[in-house]
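Below is one structure, written out as structure tokens, with a few remarks after it.
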Protein chains: 2
Amino acid sequence: MPMTNKLSRVNDAYSRIKEEIRTNRMPPGFQATEPEIALRLGMSRTPVREALIRLESEGLVELIPRRGARVLPINVNDMKEIYDILTSLEPDVAANVAAKKPTLAEMRPLEKAAKDMERALAREDLDAWADADDRFHLYMLDLNGNRRLREIVLALKFQVCRSRIVTLRLRDKPEKSNKEHREILDHIRKGDAEAARKAFRAHRQRAAEELIKLLKKFRITNL
Amino acid sequence: MPMTNKLSRVNDAYSRIKEEIRTNRMPPGFQATEPEIALRLGMSRTPVREALIRLESEGLVELIPRRGARVLPINVNDMKEIYDILTSLEPDVAANVAAKKPTLAEMRPLEKAAKDMERALAREDLDAWADADDRFHLYMLDLNGNRRLREIVLALKFQVCRSRIVTLRLRDKPEKSNKEHREILDHIRKGDAEAARKAFRAHRQRAAEELIKLLKKFRITNL
DNA sequence: AAATAAATTAATGTATACATTGACACATCC
DNA sequence: GGATGTGTCAATGTATACATTAATTTATTT
């Protein structure tokens with residue numbers, strides 16, 4: 001029965017599998033064959049296959065010839081790769097945004113996200129903090145306007161998002177992070193691109209270093 | 001007859017279509033339905049479809065529900081997006097490479113590429129020049145070692161490669177470019193990361209600006 | 001002739017069929 | 001017992017079938 005639902009089955013399969021990966025219901029290393037997944041999603045192999053191809057090119061799963069799809073784990077080296085790229089990209093995003101001198105209305109979501117981060121930290125709600133942090137970075141990308149850049153950064157962040165679930169609880173309270181966000185905001189408000197870039201770069205590098213130190217300390221090699 | 005060739009049909013379809021796009025045999029805006037492409041490639045729709053999905057997620061084609069696959073044109077805004085990202089990434093690559101202090105053996109391919117660029121320019125062979133230029137940038141990515149970064153940069157460059165076929169002949173002789181490459185090499189040899197970054201950034205920005213000016217001058221809006 | 005309705009066509013999305021072939025279990029030999 | 005050969009099973013890669021539906025053409029009405 002083709003086209004039963006408005007949205008295509010491929011899309012359905014794609015977002016459902018992706019969500020299962022994000023929430024660790026399909027944890028790193030998890031393997032399943034196409035028929036298994038198809039059965040689980042209540043559709044035939046074809047749309048599952050096509051969804052898996054998309055997920056593969058996003059770097060979330062690996063398609064192993066006879067063993068099915070495997071959810072890719074992230075190791076320390078992967079983390080380094082990803083944070084290196086983010087360290088190159090995001091500071092320039094902040095600089096561009098600062099150079100554009102956004103209006104107060106455009107700044108509002110950023111300000112709110114920063115405030116939410118502080119409130120969340122005050123009540124020790126780490127999940128809410130992480131959520132606000134994501135929003136901060138996402139709005140920045142939106143303000144910047146470069147669609148391709150946005151997609152690249154989001155894809156990279158999705159790859160590390162699972163690891164954050166773990167590390168969020170292992171690390172110290174992210175007070176430094178909050179302060180850095182405030183600083184970045186200040187620079188953007190003043191339209192000081194160079195300062196915004198520098199501050200963001202320091203922010204990213206510190207966060208990345210801290211994270212990798214943490215993973216090594218706890219001997220977490222795969223996530 | 002499944003698995004007739006060693007390599008899978010999907011791979012075959014993928015690389016053949018990609019090559020046709022690169023060489024402008026499937027020019028920007030070109031549209032074809034799945035059965036048409038399948039016929040042309042001498043296989044059934046299934047592998048073609050899967051190849052197209054991969055090409056779509058690389059940003060090379062657009063899959064329009066009832067009209068088939070369309071080869072995406074690149075406009076000035078796309079160019080800006082892409083060069084903005086490259087301007088963020090490649091200077092840091094050069095800086096990382098410089099910081100690593102590569103051995104003479106590791107430097108050799110870079111040196112050779114730079115020399116090839118000069119020789120090619122001396123005999124006015126623009127294609128050979130472009131080829132050597134590509135090699136220079138590619139070796140840099142290899143030395144840097146970040147696989148994800150490499151794939152991202154290559155995918156972005158593929159999107160603009162067709163435009164270069166045109167602009168290569170419209171622009172002045174790339175003498176400045178050659179000089180800049182030499183400079184970057186010097187900084188890397190000395191292990192001066194900051195200088196390498198700065199030089200590469202200037203290189204990219206100048207090249208991008210020049211390109212966009214050219215496109216505007218010749219009223220080229222789509223490629 | 002213009003506008004609308006009906007019919008045809010064809011492309012997609014999905015399901016299913018099937019040959020090939022790797023993986024694993026079992027049997028055989030030293 | 002360990003190593004090697006054989007057979008079965010099942011997953012993949014690919015082809016094909018088919019219902020749905022957008023697009024186009026033809027027919028009909030005003």
Side-chain angles (χ1 to χ4, degrees), chain A residues 1-21 25-73, chain B residues 1-21 25-73:
Chain A
M1 67 189 77
M3 291 268 79
T4 303
N5 300 328
K6 265 289 198 336
L7 289 51
S8 72
R9 290 224 202 307
V10 187
N11 263 311
D12 192 39
Y14 171 79
S15 44
R16 280 169 69 186
I17 297 173
K18 194 165 173 182
E19 187 58 14
E20 300 221 336
I21 292 174
R25 281 183 19 201
M26 278 190 184
F30 174 89
Q31 249 181 33
T33 65
E34 289 171 10
E36 276 165 15
I37 301 173
L39 190 69
R40 201 159 132 180
L41 299 183
M43 56 181 80
S44 83
R45 274 178 59 214
T46 311
V48 170
R49 219 157 183 275
E50 297 183 359
L52 288 175
I53 291 171
R54 281 174 56 189
L55 291 166
E56 188 188 31
S57 57
E58 281 178 52
L60 295 181
V61 306
E62 178 187 18
L63 264 30
I64 308 171
R66 207 140 287 267
R67 328 206 72 136
R70 195 174 79 101
V71 178
L72 281 175
Chain B
M1 67 186 76
M3 291 269 78
T4 301
N5 300 328
K6 267 284 200 338
L7 290 49
S8 71
R9 292 227 203 302
V10 187
N11 263 310
D12 191 39
Y14 171 79
S15 45
R16 280 168 69 186
I17 297 173
K18 194 167 172 180
E19 186 58 15
E20 300 221 336
I21 292 175
R25 282 185 19 205
M26 278 191 184
F30 175 89
Q31 248 181 31
T33 65
E34 288 170 10
E36 275 165 16
I37 301 174
L39 189 70
R40 200 157 133 183
L41 299 183
M43 56 181 78
S44 81
R45 273 178 58 214
T46 311
V48 170
R49 220 160 182 271
E50 297 183 358
L52 288 176
I53 292 171
R54 282 174 58 190
L55 292 166
E56 187 188 30
S57 58
E58 280 178 54
L60 294 181
V61 306
E62 178 187 18
L63 264 32
I64 307 171
R66 207 139 286 268
R67 328 207 71 136
R70 195 173 80 101
V71 178
L72 281 175

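Letters A, B, ... are given to chains in the order of the sequence lines, protein chains preceding strands, and every chain is numbered from 1.
Between the C1' atom of D/dA11 and the CD atom of A/E62 lies a distance of 16 Å, rounded to the nearest Å. The distance from atom CD of A/Q31 to atom C1' of D/dA10 is 15 Å, rounded to the nearest whole Å. Distance CZ (B/R45) to P (C/dT14): 11 Å, rounded to an integer number of Å. Rounded to an integer number of Å, the gap from A/Y14 OH to C/dG13 P is 17 Å. We find that CD1 of A/I53 is positioned 14 Å from P of C/dT14, with the value rounded to whole Å. Atom CG in B/L39 sits about 15 Å away from atom C1' in D/dT16, given to the nearest Å. One can place CG of A/D12 at 13 Å from C1' of C/dG13, the figure rounded to the nearest angstrom. D/dA11 atom P lies 18 Å from atom CZ of A/R70, rounded to whole Å.
Taken to the nearest 0.5 Å, the CG atom of A/L39 stands 11.5 Å off from the OG atom of A/S44.
The nearest heavy atom of DNA chain C to A/M43 and to B/A69 marks one nucleotide each, and the one closer to the 5' end goes with B/A69.
Nearest to the side chain of A/T46, among D/dA15, D/dG13, C/dT16, sits C/dT16. Checking D/dA15, D/dT12, C/dA15 against every side-chain atom of A/R49, the shortest atom distance belongs to D/dT12.
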Which protein N or O atoms sit under 3.5 Å from an N or O of nucleotides 6-11 of chain C?
residue	atom	partner	partner atom	Å
C/dA11	N3	B/R66	NH1	2.8

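Note on A/R67 versus A/E62: no salt bridge recorded, every NZ/NE/NH1/NH2 to OD/OE distance being 4.0 Å or above. With salt bridges taken as basic N to acidic carboxylate O contacts below 4.0 Å, none links A/E56 and A/R49. A salt bridge does not link B/E19 to B/R25: none of the charged side-chain nitrogens sits closer than 4.0 Å to a carboxylate oxygen.
Closest non-hydrogen pair, B/D12 versus B/M43, comes out as OD2-CE, 3.9 Å.
Looking only at distances, no side-chain donor or acceptor of B/E50 sits under 3.5 Å from a matching main-chain atom of B/P47. Between the B/E36 side chain and the B/T33 main chain, a donor and an acceptor come within less than 3.5 Å of each other.
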